Amino acid sequence: MELIFQSTRNAAEKATASEAILKGLASDGGLFVPERIPALDVPLSGLAQMGYKQVAYEVMKLFLTDFSEEELKSCIDRAYDGKFDTEEIAPLREADGVYYLELFHGATIAFKDMALSILPHLLTTAAKKNHAEEEIVILTATSGDTGKAALAGFADVPGTRIIVFYPKDGVSPIQEKQMVTQRGANTAVIGIRGNFDDAQSGVKAMFGNQELAERMKQHGFRFSSANSINIGRLVPQIVYYVYAYTRLLGRGKLAKGELLNVVVPTGNFGNILAAYYAKCAGLPLGKLICASNDNKVLYDFFATGVYDRNREFILTTSPSMDILISSNLERLIYRIAGDDAQKNAELMGRLAAGGVYEITPEMKERLEDFAGGYATAEQTAEAIRSLYEKTGYIIDPHTAVAASVYSDYAKKTGDGTKTIIASTASPYKFTRSVMTAIDAKYGSMEDFALADELSRLSGTGVPRAIEEIRGAQVLHTMVCGREEMQETVEKLLGLQQFINS
Ligand SMILES: *Cc1c(COP(=O)(O)O)cnc(C)c1O
């Protein structure tokens with residue numbers, strides 16, 4: 001049965017899966033959502049016998065119904081290959097009574113690789129299916145990890161260009177080095193004088209600009225998105241929750257039907273939304289625990305039902321979660337509004353105008369699957385240090401936010417349900433914060449020396465992604481103001497001359 005997608009802001013704007021992937025964002029500014037969440041149709045005991053790629057196929061085929069079996073399997077094969085440093089793709093590591101689901105074994109050592117290694121293949125397949133002739137321009141705003149993962153995925157992919165905007169002073173030194181050394185004739189990386197929300201708002205404004213779209217078309221371009229607003233990012237993220245659950249089931253760590261809690265360090269709400277979709281598809285997940293850093297707009301939302309972005313933007317040690325406008329929350333709001341696009345559109349209108357909205361008591365009741373928590377920078381550092389001292393296992397600051405929130409949650413609620421923590425980045429990506437959390441003496445060491453020291457302490461090899469950038473040449477040096485983003489894009493694409501002529 002074909003699954004149709006529609007905009008969260010207008011029930012009349014419909015798309016097939018491949019059209020939704022190609023467009024990225026609906027033309028009314030809404031996000032594409034499936035009209036219903038399909039149910040898993042292979043028993044979990046069967047999935048437990050399959051490898052990552054097979055599980056990926058069984059999950060993704062339910063959502064991407066207009067892709068043929070051959071197309072989808074080909075995308076999956078090209079994505080989950082030797083770019084990952086383990087055949088398990090997403091291994092589980094038990095430490096201190098919980099399971100860490102390590103989602104950072106791909107090319108750029110953050111969980112974004114889980115979806116961005118397949119998105120270019122889904123997108124180029126979607127373009128072919130829809131006879132889209134234009135060159136696809138991927139416009140991306142990044143809080144640090146999406147940018148590099150998208151660059152790696154799209155570099156030198158024929159028929160595509162990729163333009164990444166990142167907050168110039170808002171990413172880790174390693175994150176920045178990873179991006180500005182990116183090769184590929186079709187890549188551009190630009191630092192903006194602003195924060196992630198500025199970058200994301202600027203990108204969304206370009207997507208919503210019909211006049212710009214028209215001029216793009218005349219020049220043979222069309223925009224698409226590699227951000228988690230693209231449903232093609234979200235669907236591959238559902239896979240690893242199903243995979244993790246069925247690994248534990250297969251190993252006898254979970255009984256049939258036993259619930260599993262999930263803790264997710266959250267920024268744009270994409271990763272945790274994928275867990276929610278997995279639960280709606282029938283995976284026996286218990287609480288979905290949304291962990292925030294000091295930018296705790298989501299924690300406050302779950303506590304009060306009020307979403308209020310009017311607050312100071314705080315730069316933390318978990319920069320990929322430094323976000324005040326969590327785009328994917330819109331998909332949840334739509335759902336708890338009873339799949340009511342008009343109601344959702346009204347709330348999003350309030351967010352755009354005044355930066356704040358409040359959901360109704362009935363909607364709040366539908367949030368019972370979720371729990372919210374947050375961790376300060378000190379609590380995050382403490383979580384890294386104490387886990388290391390107890391077990392020798394070293395986690396990155398984003399994962400540590402989740403670990404800290406989880407231990408708080410377990411203490412407060414006494415909930416003893418088995419739990420996985422989504423481990424979203426390798427500690428090698430954030431060596432400075434990680435190593436100084438373990439011991440202040442590392443503060444004086446240089447970034448790459450810290451990577452070697454981390455390797456010594458953890459007994460893990462320095463990942464290829466770090467070795468690659470050690471001596472790499474900086475290839476991207478462009479910086480612009482947040483109001484200059486569109487102008488920059490037009491110049492890069494050669495549109496500006498056209499207006500003047
Ligand atoms: C992107 C990112 C997050 C936040 O994920 P969302 O899907 O945006 O909520 C958390 N941790 C790391 C390391 C990330 O790169």
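Order of appearance sets the numbers: ligands from 1, and atoms from 1 within every ligand. From a predicted model like this one, the values you see are computed outputs, not experimental measurements. Atom set for the values below is all heavy atoms of this structure, side chains included, hydrogens, waters and symmetry mates excluded.
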For a distance cut-off of 3.5 Å, show me each N or O of ligand 1 paired with any protein N or O, plus the separation.
unit_1	atom_1	unit_2	atom_2	d
ligand 1	7 (O)	G270	N	3.2
ligand 1	7 (O)	N271	N	2.8
ligand 1	8 (O)	N268	N	2.7
ligand 1	9 (O)	G267	N	2.8
ligand 1	9 (O)	N268	N	3.2
ligand 1	9 (O)	F269	N	3.0
ligand 1	11 (N)	T424	OG1	2.8
ligand 1	15 (O)	K112	NZ	2.6
ligand 1	15 (O)	D145	OD2	2.5

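- Under the ring-ring contact (aromatic ring centres under 6.0 Å, His included) test applied with Y80, the options Y243, Y57, Y52 reduce to a single match, Y52.
- Aromatic pair Y374/Y299: ring centres closer than 6.0 Å.
- Donor-acceptor pairing under 3.5 Å is recorded for the side chains of R331 and N328.
- When each of I190, V203, T488 is tested with I163 by the rule side chain to side chain contact (heavy atoms under 4.5 Å, CB included), just one qualifies, namely I190.
- At a cut-off of 3.5 Å, with distance as the only test, a side-chain donor of Q200 or N268 sits close to an acceptor on the other residue.
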Step-by-step side chain to side chain donor-acceptor pair (under 3.5 Å) determination, D322 to T316:
CA-CA 7 Å; D322 290 345; T316 73; 2.8 Å; yes
